[in-house]
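Down below is the structure, laid out as structure tokens.
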Amino acid sequence: RTFALTQQGVKEIAIERPEGWRVKVEEASVTITAPKQTSSGEITLYASTEGALLKLVSIRVSCTANAGAVDPTVIYGYGQETTGGAGATAANTHHFNSGTAFRDWLKLREKNKSTTPAIVWLSGTFTASDGRDSGSPWFDIKRTSNITIYGTDSFKMQNVGFFLNEAQNIIIRNIYIVMPKADNGADGISMQESKNVWVDHCTFESVNQEKDYEDGSCDITHATSGVTVSWCHYIKTQKSSLVGHSNSATEDVAITATFHHNFFDGSSSRHPRVRFGKVHVYNNFYNGCTTYGVGSAYGAMVLVEHNAFD
């Protein structure tokens with residue numbers, strides 16, 4: 001803002017300002033510099049003349065502290081209470097390069113309703129035949145909790161996904177999922193009646209863009225809450241993320257999810273599509289999406305901010 005400060009009889013400019021704010025007065029302008037911390041207040045400039053103080057201008061100012069660089073290894077958002085297998089002992093740290101061995105381990109966890117913290121490393125390639133059965137191409141993570149699953153050594157899930165049901169405190173990171181065919185409703189990752197889930201640095205790749213050949217890449221339904229999906233790459237996926245499964249499923253009002261720093265790369269729709277739940281969608285990149293970006297319907301509360309659409 002420019003001020004006519006060179007006036008006959010003006011001795012000097014007096015300044016009132018909040019702590020931490022800097023004000024530089026020049027011949028025809030005033031420069032205001034905010035502090036690093038969050039602050040607000042009022043800056044007032046006065047012209048001092050012989051025997052008088054004349055108020056020139058009063059400006060209300062505020063600033064918010066810079067949050068700094070985003071750490072891609074840290075969980076943010078609704079899933080921030082998720083700890084996965086933190087604290088797992090050596091005896092409960094596993095490496096599977098066999099899909100059937102991993103499936104059997106998960107079945108045992110389900111049978112025992114195990115809550116023992118576990119860390120699992122996966123390598124090699126798992127296929128649809130390693131999943132639940134021939135008509136259900138997914139690994140069940142059911143009625144268990146406190147698991148972290150990492151992909152390593154270029155691990156790939158070839159046409160097979162994960163199904164989380166009544167699961168709690170689950171982390172899935174660095175998994176490359178080549179999408180399964182939508183047999184029996186198979187998804188890349190499906191969450192139902194689950195709580196505290198972090199899906200991070202995963203890739204979902206479509207192999208067939210025909211309508212309904214594939215279903216959801218990463219779906220959050222049936223009142224699942226406390227979810228963060230971050231730093232994931234969706235490659236030509238057709239139904240990227242459904243949040244809330246039905247127009248009549250009012251129980252999905254319990255859903256809470258955050259989507260941040262994801263790359264929707266030539267994907268079609270549902271980035272995400274939300275019914276009833278509360279969802280925060282920020283800092284995502286939408287590159288050449290073929291139908292729409294974010295969809296909000298049926299009582300959803302969706303905050304969409306700081307995304308890039310190209």
Side-chain angles (χ1 to χ4, degrees), residues 79 82-200 202-204 214-227 229 242 245:
T82 307
T83 57
T89 64
N92 290 294
T93 301
H94 309 279
H95 172 218
F96 295 106
N97 57 13
S98 163
T100 55
F102 177 54
R103 178 193 65 201
D104 293 344
W105 179 79
L106 287 170
K107 284 184 175 179
L108 186 61
R109 294 272 303 191
E110 178 186 352
K111 179 181 178 181
N112 295 331
K113 297 182 179 179
S114 178
T115 61
T116 301
I119 295 175
V120 177
W121 296 86
L122 305 178
S123 64
T125 300
F126 295 177
T127 65
S129 62
D130 297 323
R132 180 196 286 185
D133 54 48
S134 60
S136 304
W138 60 75
F139 294 97
D140 286 309
I141 304 175
K142 297 178 68 176
R143 302 182 188 95
T144 187
S145 58
N146 306 325
I147 304 173
T148 296
I149 300 171
Y150 294 106
T152 188
D153 297 333
S154 301
F155 172 68
K156 186 172 285 188
M157 302 253 293
Q158 187 73 41
N159 310 125
V160 63
F162 291 109
F163 177 35
L164 282 63
N165 182 239
E166 297 181 43
Q168 292 192 31
N169 198 28
I170 307 295
I171 294 175
I172 300 174
R173 302 187 74 185
N174 201 38
I175 304 293
Y176 197 116
I177 298 176
V178 179
M179 286 294 296
K181 189 175 183 296
D183 291 335
N184 206 14
D187 294 323
I189 298 176
S190 177
M191 308 170 214
Q192 297 185 11
E193 300 178 88
S194 296
K195 184 177 181 180
N196 295 341
V197 181
W198 184 22
V199 178
D200 179 65
C202 292
T203 297
F204 304 92
E214 298 166 350
D215 207 344
S217 302
C218 185
D219 286 0
I220 304 165
T221 63
H222 294 78
T224 293
S225 63
V227 178
V229 180
L242 181 66
H245 70 285

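When all heavy atoms of Thr125 and Asp130 are compared, the closest pair comes out as O-OD2, 4.5 Å.
Panel note: side chain Asp219, backbone Leu242; a donor-acceptor pair is recorded below 3.5 Å. Using a distance-only test at 3.5 Å, with no hydrogens or angles considered, a donor-acceptor pair links the side chain of Ser194 to the main chain of Ala167. Put simply, the side chain of Thr82 gets close to the backbone of Gly79: a donor and an acceptor are under 3.5 Å apart. With Asn146 contributing its side chain and Gly85 its backbone, the two residues share no donor-acceptor pair below 3.5 Å. The backbone N or O of Ala101 lies less than 3.5 Å from a partner atom in the side chain of Ser98, making a donor-acceptor pair. Using modelled atom types, one side-chain atom of Asn159 and one backbone atom of Met179 make a donor-acceptor pair closer than 3.5 Å.
Contacts of Ser114 classified as side chain to side chain donor-acceptor pair (under 3.5 Å), with partners at least two apart in sequence or in another chain: Arg109. Qualifying side chain to side chain donor-acceptor pair (under 3.5 Å) partners for Asn165, counting only residues two or more places apart in sequence or in other chains: none. Judged as a salt bridge (Lys or Arg N to Asp or Glu O under 4.0 Å), and not counting sequence neighbours, Arg103 has no contacts.
Atom NZ of Lys113 sits in a sparse spot, with 12 or fewer heavy atoms from other residues, nucleotides or ligands closer than 6.0 Å. Lys142 NZ: more than 12 foreign heavy atoms inside a 6.0 Å radius.
Put simply, CD1 on Ile141 and CE on Met191 are 10.0 Å apart, with the number rounded to the nearest 0.5 Å.
Taking the side chain as every heavy atom from C-beta outward, Phe155 and Asn174 never approach each other to under 4.5 Å.
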